[in-house]
Amino acid sequence: MEEANGNSRLGEGKAVPTPRKLESFESFPNYARALLNTPLRLLDRVTARSSDEVELVDVKKRSQHEMKKTLTWWDLIWFGVGSVIGSGIFVLTGLEVRNTVGPAVVLSYVVSGLSAMLSVFCYTEFAVEIPVAGGSFAYLRVELGEFVAFIASGNIILEYVIGGAAVSRSWTSYFATLCNQRSDKFVIVAHSLAHDYNKLDPIAVFVLAVTFSFAVFSTKGSSRLNYIASIIHVIVLMFIIVAGLSKADAENFDDFTPYGVRGIFSSAAVLFFAYVGFDAVSTMAEETKNPGKDIPIGLIGSMTLTTFIYCMMGVTLCLMQKYSNVDENAAYSVAFEAVGMKWAKYIVAFGALKGMTSVLLVGAVGQARYLTHIARTSLLPSWLAQVNEKTKTPVNATIVMFIATAIVAFFTSLDVLATLLSISTLFLFSLVALALLVRRYCVRGVTSRFDLMKFLGFLFLILASSVGCSVYWSQTIKGWIGFVILVPIWFVGTFGIWFFVPLAKRPKIWGVPLVPFLPSASIGINVFLLGTLDKASFKRFGVWTAILVVYYLFVGVHASYDIAKAQKEKEKLDTKIESKMDEENGVSLVTGSNTKNENHT
């Protein structure tokens with residue numbers, strides 16, 4: 001909600017640009033007392049809400065130096081294209097075509113692309129209204145509170161780490177193809193390690209080191225390198241489509257859906273990873289010259305171009321080669337070799353390397369900014385929030401993310417990485433769509449209690465029907481009666497918000513159209529796709545979320561509460577000083593107090 005009660009505003013006022021001592025961690029007795037008060041502190045921080053102004057002004061001050069505004073819509077479009085195209089096409093397409101969906105992969109890309117576009121609209125409104133480096137962490141912190149924001153953003157950081165690891169390992173596979181070797185030629189097998197973690201990849205670590213080095217030194221320099229590489233990459237993709245279709249065999253489409261409709265949606269959930277790059281673009285809003293103009297063009301434009309290319313590439317691959325013969329690691333290079341265009345596989349491998357290098361570069365830029373903004377709120381060590389005075393980039397956060405990504409990339413196989421990716425993404429995007437509904441319909445002082453109750457009731461119908469569809473899909477094979485019941489319930493919830501709950505807030509610059517239908521559809525599709533993932537993905541997701549909760553209970557909530565308490569004391573001291581000055585100047589204390597309260601409200 002836009003505002004919360006007085007207690008929930010603690011710590012969300014003016015920020016101090018220099019690091020503060022956290023009382024709870026100054027000594028062991030202090031920490032012990034803090035642990036005893038965990039329930040009360042947790043309640044205080046869970047009910048806390050930030051605001052647009054706090055995120056835009058006060059929280060940013062905690063980095064001591066501001067990031068430089070150098071990016072335009074042109075940079076954002078190519079950051080979007082560079083961050084997305086490469087990961088989906090060259091990392092997961094071959095794996096999904098062969099094992100999950102077959103030629104119907106084009107439909108999987110349409111489904112996941114539609115879901116991603118709905119999420120793009122939601123992200124765009126937030127990024128225009130709150131153009132800060134924190135991306136979805138800042139958006140959720142304003143609307144759903146600190147605890148939800150931390151858990152969701154902790155998962156998205158894990159997704160960034162795993163995404164970078166997956167792409168860097170695929171980079172090694174295509175590099176081997178370019179060298180006329182097997183795709184797993186440069187992987188070192190350590191037989192003493194567990195099965196999914198015994199294929200060591202030192203080349204992936206080297207590639208990550210190079211791309212993160214660019215991210216450390218300059219955002220604008222990274223942008224120039226990215227859009228030059230991305231333009232070359234798009235040209236290579238056009239060659240793949242044209243040359244591949246010239247070798248098309250329509251008989252390869254005879255068995256269009258070998259795994260049935262279930263395969264289409266299961267694959268769509270995994271391939272949704274292919275669209276996650278735009279979230280990294282939203283974290284660059286703080287460095288954008290004109291957010292109101294540049295962000296909508298950059299995000300929506302890049303997503304439209306990306307979806308079209310994905311669909312065409314999927315069609316091309318499956319027309320060139322029968323789905324059962326598609327190579328899981330280097331699908332396009334091997335496909336060209338199979339149709340007698342052996343020379344073309346080198347162009348494909350070169351293009352793939354270009355694309356995946358751009359993905360890694362944009363990911364390196366985006367994930368560090370996520371970590372930086374979380375650290376600004378004291379939930380992570382303050383040194384991660386620092387922006388280097390010379391480079392104007394978050395150097396410390398970038399180095400930490402490189403170390404984490406490199407460790408995962410060195411040990412973990414691609415199939416393990418792929419399934420864990422989408423669950424974090426889908427979870428986060430569902431929350432962002434939910435936060436947008438809250439932003440539009442729940443504003444303290446504007447939304448009445450009766451309207452709030454109506455909103456919550458209809459929102460429950462939307463969430464319950466979405467979860468119901470997801471569970472029904474995962475538990476049945478050919479059933480359809482459940483959807484006939486649940487989809488109308490979703491529509492009743494969405495229509496109820498539109499018709500019975502008055503809009504409490506309108507966007508100042510750019511807004512999502514067709515509210516509440518568009519964000520409600522985003523919730524429905526994202527939650528539904530979650531139900532298509534395997535149980536192992538949910539187990540890994542649950543373990544990581546449990547780790548985040550434990551960290552928050554033992555560290556995060558106390559750091560946040562200390563900052564809140566110190567800020568409240570500072571505000572009281574400032575009020576006393578102002579009152580004393582008013583007395584000396586002959587100004588009425590009552591008048592001064594009323595004016596301050598009105599400004600605070």
Side-chain angles (χ1 to χ4, degrees), residues 1-2 107 110-126 139-140 143-145 148 152 261-262 264-265 268-269 272 423 425-444 446-507 511-533:
M1 294 179 68
E2 183 65 17
L107 299 181
V110 170
V111 172
S112 55
L114 174 62
S115 179
M117 184 61 79
L118 295 176
S119 297
V120 163
F121 276 105
C122 298
Y123 265 84
T124 300
E125 178 171 330
F126 274 117
Y139 315 152
L140 297 179
E143 303 303 337
L144 301 182
V148 173
V261 176
R262 183 168 295 274
I264 294 174
F265 285 100
F272 193 84
I423 191 169
T425 307
L426 292 166
F427 173 68
L428 177 67
F429 290 175
S430 300
L431 287 178
V432 171
L434 173 61
L436 183 64
L437 289 176
V438 173
R439 183 176 182 84
R440 291 290 196 96
Y441 290 96
C442 296
V443 177
R444 190 172 183 86
V446 177
T447 304
S448 68
R449 182 176 295 273
F450 181 59
D451 287 334
L452 177 60
M453 296 305 295
K454 288 189 293 183
F455 173 79
L456 293 177
F458 290 127
L459 182 62
F460 175 78
L461 293 180
I462 293 172
L463 295 175
S465 59
S466 299
V467 172
C469 286
S470 180
V471 173
Y472 184 75
W473 173 270
S474 64
Q475 298 298 322
T476 60
I477 299 178
K478 296 182 179 180
W480 54 271
I481 297 177
F483 297 116
V484 174
I485 298 173
L486 293 169
V487 172
I489 293 176
W490 171 87
F491 181 79
V492 168
T494 306
F495 181 83
I497 293 178
W498 176 74
F499 190 80
F500 293 105
V501 183
L503 200 64
K505 182 175 183 178
R506 297 184 182 276
V512 174
L514 301 176
V515 172
F517 292 96
L518 192 150
S520 179
S522 180
I523 293 172
I525 294 177
N526 288 330
V527 172
F528 175 76
L529 290 177
L530 279 171
T532 65
L533 296 174

How far does [atom1] of [X] sit from [atom2] of [Y], to the nearest 0.5 angstrom?
X    : Y    : atom1 : atom2 : value
S522 : F429 : OG    : CZ    : 8.5 Å
L426 : N526 : CG    : CG    : 5.5 Å
L144 : L434 : CG    : CG    : 5.5 Å
I264 : S112 : CD1   : OG    : 11.5 Å
I462 : L437 : CD1   : CG    : 6.0 Å
Y472 : I485 : OH    : CD1   : 8.0 Å

Under 3.5 Å, side chain of [X] to main-chain N/O of [Y], donor-acceptor pair present?
X    : Y    : result
S470 : V527 : yes
S119 : S115 : yes
T447 : Y441 : yes

Decide yes or no for F517 and F491: does some side-chain heavy atom of the first lie under 4.5 Å from some side-chain heavy atom of the second?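 Contact flag for F517/F491 side chains = yes.
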Quick one: does L463's side chain get under 4.5 Å of I523's, heavy atoms only?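 Contact flag for L463/I523 side chains = yes.
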Identify, with sequence neighbours excluded, every residue that meets side chain to side chain donor-acceptor pair (under 3.5 Å) alongside Y123.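 Side chain to side chain donor-acceptor pair (under 3.5 Å) list for Y123, sorted by chain: D279.
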Ring centres under 6.0 Å, that's the criterion: do F483 and W480 meet it?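 Between W480 and F483, which both carry aromatic rings, the centre distance is not below 6.0 Å.
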Which heavy-atom pair separates [X] from [Y] by the least distance, and what is that distance?
X    : Y    : answer
I497 : L459 : CD1-N, 4.3 Å
V515 : W498 : O-CD1, 3.9 Å
P519 : L514 : CD-O, 4.3 Å
A435 : L140 : CB-CD2, 3.8 Å
F126 : R439 : CE2-CD, 3.6 Å
W473 : G531 : CD1-O, 4.3 Å

Side chains of residues 451-458: which donor-acceptor partners sit under 3.5 Å, not counting sequence neighbours?
unit_1: D451; atom_1: OD1; unit_2: K454; atom_2: NZ; d: 3.1
unit_1: D451; atom_1: OD2; unit_2: S448; atom_2: OG; d: 3.1
unit_1: K454; atom_1: NZ; unit_2: F500; atom_2: O; d: 2.8

Enumerate the residue pairs fulfilling salt bridge (charged side-chain N to carboxylate O under 4.0 Å, His left out) with a member in residues 481-494, sequence neighbours excluded, ordered by first and then second residue.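 Passing the test, one end in residues 481-494: no pairs.
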